[in-house]
Amino acid sequence: MGRTNECNDVECSYVPVSDELHATGPSAVLRGRSKTVVAVFWGMLVVVSLVALTSNGNIDHVSTSASTNKDLNTETLPARGVCAGVSEKSNTRLFTNNNNGEWFPWNNSMLSWQRTAFHFQPEKNWMNDPNGPLYYKGWYHFFYQYNPNGAVWGDIVWGHAVSRDLIHWFHLPLAMVADKWYDQKGVWTGSATILPNGEVIMLYTGATNELVQVQNLAYPSDPSDPLLIDWIKYPKNPVLFPPPGINVHDFRDPTTAWLTSQGKWRISIGSKINKTGIALVYETQDFRTFERVEGVLRAVPKVGMWECVDFYPVSTKLEKGLDTSAYGVDVKHVMKVSLDDDRHDYYTIGNYEENGADFVPDDIQNDVGIGLRYDYGIFYASKTFYDQNKERRVLWSWIGESDSEYADVTKGWASVMGIPRTVVLDKKTGSNLLQWPVEEVESLRLKSNKFENLKAMPGSVVSLDIETATQLDIVAEFEIDKEAIEKTDQTNEEYNCKTSGGAAHRGALGPFGLLVLANDGLSEYTPIYFYVVKGNDGNLKTSFCSDQSRSSLATDVDKSVFGSFVPVLENEKLSLRILVDHSIVESFAQGGRTTVTSRVYPTRAIYGDAKLFLFNNATEATVTASLKVWQMNSAFIKPFSPEQRS
Ligand code: DQQ
């Protein structure tokens with residue numbers, strides 16, 4: 001964000017790619033599909049009895065000889081984010097084609113498969129940040145950054161949907177459009193506050209006609225309407241301009257307000273000074289006039305602009321969530337920032353001092369923007385809200401695409417929302433949060449398959465017979481055989497999901513886990529896995545990772561490996577939960593201590609050819625796994641019709 005001056009001479013309008021450009025020869029890639037159940041894995045030795053063998057199981061590198069679209073020259077299309085003041089899509093290197101000037105020949109059937117079935121998506125076009133989530137008169141409301149004119153960032157307004165259960169959604173008309181000088185270049189991110197008398201306050205950032213970032217107030221025009229369809233923008237907007245010393249492009253995304261013991265409301269707004277990320281604090285009584293609170297909530301050098309600050313209390317004793325204004329004994333605070341520089345969401349647990357409006361991290365090594373992340377995959381601009389209906393704190397997040405902008409434009413949509421997650425303090429460690437899919441997602445579970453005590457020998461792949469595997473809820477537990485742990489030498493291996501070679505890198509005690517969205521021939525698969533290292537002190541250290549490097553034969557999608565360390569306490573088994581929903585895979589380890597969300601774009605492991613496998617690529621340890629796998633129903637996500645009001 002804040003790079004508007006780079007855009008003076010770029011074409012910022014959206015130019016759709018014509019259909020003809022996608023018409024050539026893609027089906028070749030689907031021919032010759034193997035029906036054989038797999039296989040020798042990474043050239044490994046032992047395969048358990050559940051697996052049929054083929055002779056050529058070497059799948060270290062993917063390649064495709066599929067036909068190409070050489071004449072599609074979208075290299076010249078400008079990135080729209082920068083020209084409109086927002087960071088461009090993170091995978092700009094995928095914006096064009098592969099190094100040979102060739103395009104991967106996506107076809108309609110592959111692209112249609114990518115649309116999710118139980119994650120929130122608008123019917124078409126681009127979506128980014130979650131905005132102003134709240135529960136009101138029996139409905140969950142969800143607003144989001146939306147481009148009504150295309151599948152790329154731009155022309156941002158507020159989309160709006162409602163749900164009874166956070167899973168099935170009705171699309172409503174746009175809540176706010178860019179119709180005032182103070183939001184003409186975009187109705188950007190904001191948050192809701194519900195006052196004790198039930199009044200709903202919405203504060204949001206407007207990008208003015210001159211691209212200055214200001215804060216604006218809006219409220220429902222008819223508070224008796226549970227659907228909150230019409231919104232009024234306060235006639236005297238903006239209510240806040242960038243203060244002296246703050247760049248006009250670096251002042252955005254007001255938080256939900258919290259109440260002080262003096263009866264005043266406070267909000268925080270993200271900014272930066274040079275490379276120091278800061279969270280400014282303002283006080284108000286009426287949400288129309290604000291006063292700056294001296295100092296900052298927190299400042300951290302070298303991390304850059306803080307977007308979408310979130311600030312909320314968590315209980316150190318209770319499992320339920322807390323209202324945003326909760327303060328005092330048995331309460332810790334969480335501060336989250338979205339780092340514009342690396343597009344990740346970082347959180348820190350600490351203490352909030354009301355007097356100085358000051359947040360102090362428990363562990364300075366894990367300060368805001370340098371320590372823990374909510375999710376080690378694709379997960380950005382998240383926001384929580386207190387759900388007074390179920391007394392829980394719920395986290396929403398924008399999950400962007402990691403394919404090319406060309407593919408997004410072709411399929412006509414971009415981005416999904418992560419399944420809303422409950423967030424609580426991990427009482428066992430005291431030093432991290434636990435995130436877990438809201439319980440309502442379980443209402444989509446259909447028939448299940450149970451696998452108990454499956455033994456996976458070192459170097460094996462086990463086919464799990466569950467029919468198709470594109471919409472799944474998986475829970476699994478793993479135990480490494482104790483003898484192997486004892487026998488294994490201590491090492492000082494510093495395993496890093498991102499850089500240690502993914503699931504193909506073999507150690508004594510890992511990797512092992514599941515291959516999701518895998519086809520029978522294993523030409524495409526996405527390992528979600530644990531990697532365990534026995535350190536020099538004899539203690540085990542566990543990482544939890546998602547490896548996209550072999551997830552697709554396509555050349556123009558991201559192939560990173562994501563993940564991080566996960567705390568595993570004494571006597572705990574290794575456990576995971578995975579939600580697979582077409583092109584999104586959300587993975588939770590150890591009850592949600594570490595989470596990893598991936599976007600995956602297979603070309604063969606789709607529809608009925610998407611399968612699930614257990615794998616163990618350790619060199620020494622046998623792993624015992626128990627799993628339950630549910631097929632998942634699709635959610636109803638459709639336009640609202642009046643009969644749904646009741
Ligand atoms: N997205 C919004 C901004 C926010 C950014 C614009 C984060 O308000 O800072 O679409 O993704």
Side-chain angles (χ1 to χ4, degrees), residues 1-4 7 12 14 79-91 122 125-133 143-159 174-178 182-192 202-208 211-216 218 238 240 242 246-256 267-272 277-280 303-310 336-346 369 374-375 378-383 396-401 414-418:
M1 282 246 182
R3 294 179 212 133
T4 50
C7 295
C12 293
Y14 163 60
R80 284 116 186 130
V82 174
C83 67
V86 172
S87 304
E88 56 192 299
K89 204 169 163 180
S90 51
N91 57 339
N125 296 329
W126 168 272
M127 165 177 73
N128 57 298
D129 318 355
N131 291 154
F143 305 87
Y144 53 93
Q145 296 279 280
Y146 182 59
N147 179 358
N149 303 318
V152 295
W153 191 91
D155 300 341
I156 293 293
V157 299
W158 275 35
L174 298 177
M176 287 193 275
V177 297
Y182 53 76
D183 59 15
Q184 194 181 311
K185 292 279 170 72
V187 189
W188 286 1
T189 281
S191 305
M202 203 62 91
L203 289 174
Y204 71 93
T205 298
T208 70
L211 273 167
V212 172
Q213 293 171 13
V214 297
Q215 315 313 320
N216 301 314
L240 271 173
I246 295 294
N247 188 302
V248 296
H249 301 137
D250 299 332
F251 182 61
R252 58 184 177 272
D253 310 334
T255 61
T256 293
I267 58 163
S268 181
I269 297 173
S271 186
K272 68 170 178 186
I278 60 172
L280 304 163
V303 296
M305 177 68 194
W306 284 357
E307 299 188 315
C308 304
V309 172
D310 199 12
K336 185 278 303 188
V337 299
S338 302
L339 278 199
D340 193 22
D341 282 10
D342 73 4
R343 313 299 280 175
H344 296 312
D345 278 16
Y346 292 82
Y374 273 155
D375 190 291
I378 300 177
F379 190 98
Y380 193 65
S382 63
K383 186 178 294 299
W396 276 104
S397 185
W398 166 37
I399 316 296
E401 304 294 321
S415 307
V416 305
M417 283 292 154

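In each ligand, atom 1 is the first atom listed, and ligand 1 is the first ligand listed. Counting from 1, the numbers follow the sequence of the chain as shown.
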Engineer: Taking atom types as modelled and ignoring hydrogens, do the side chains of Asn125 and Asn147 form a donor-acceptor contact shorter than 3.5 angstrom?
Structural biologist: no

Engineer: Do Gln215 and Ile269 come close enough that some side-chain heavy atom pair is under 4.5 Å?
Structural biologist: yes

Engineer: If you count the atoms of ligand 1 from 1 in the order shown, which ones are under 4.0 Å from a heavy atom of Trp398?
Structural biologist: 11 (O)

Engineer: I need the contact type for Asp340 against ligand 1. Using non-hydrogen atoms and a strict under-4.0 Å cut-off, is it side chain, backbone, both or neither?
Structural biologist: neither

Engineer: For ligand 1, which is the ligand I care about here, please tell me if Asn128 has any N or O atom under 3.5 Å from one of the ligand's N or O atoms.
Structural biologist: yes

Engineer: Can you name the atoms of ligand 1, numbered from 1 with element, that are less than 4.0 Å from a heavy atom of Asp129?
Structural biologist: 1 (N), 2 (C), 3 (C), 4 (C), 5 (C), 7 (C), 11 (O)

Engineer: Please indicate whether any nitrogen or oxygen in Trp188 is less than 3.5 Å from any nitrogen or oxygen in ligand 1.
Structural biologist: no

Engineer: Please confirm whether Thr205 comes within less than 3.5 Å of ligand 1 when only nitrogen or oxygen atoms on both sides are compared.
Structural biologist: no

Engineer: For the pair Asp345 and Lys336, evaluate salt bridge (Lys or Arg N to Asp or Glu O under 4.0 Å) and give the outcome as yes or no after the intermediate values.
Structural biologist: CA-CA 7 Å; Asp345 278 16; Lys336 185 278 303 188; 3.5 Å; yes

Engineer: Hey, what's the ring geometry for Phe379 with Tyr374, parallel, tilted or perpendicular (30° and 60° as the breaks)?
Structural biologist: perpendicular

Engineer: Distance only, no hydrogens: is a donor on one side chain within 3.5 Å (strictly under) of an acceptor on the other, for Asp183 and Tyr204?
Structural biologist: yes

Engineer: Please tell me if the side chains of His344 and Leu339 come closer than 4.5 Å, counting only heavy atoms from C-beta onward.
Structural biologist: no

Engineer: Need the ligand 1 atom indices (1-based, order shown) with element for anything under 4.0 Å from a heavy-atom of Asp253.
Structural biologist: 3 (C), 4 (C), 8 (O), 9 (O)

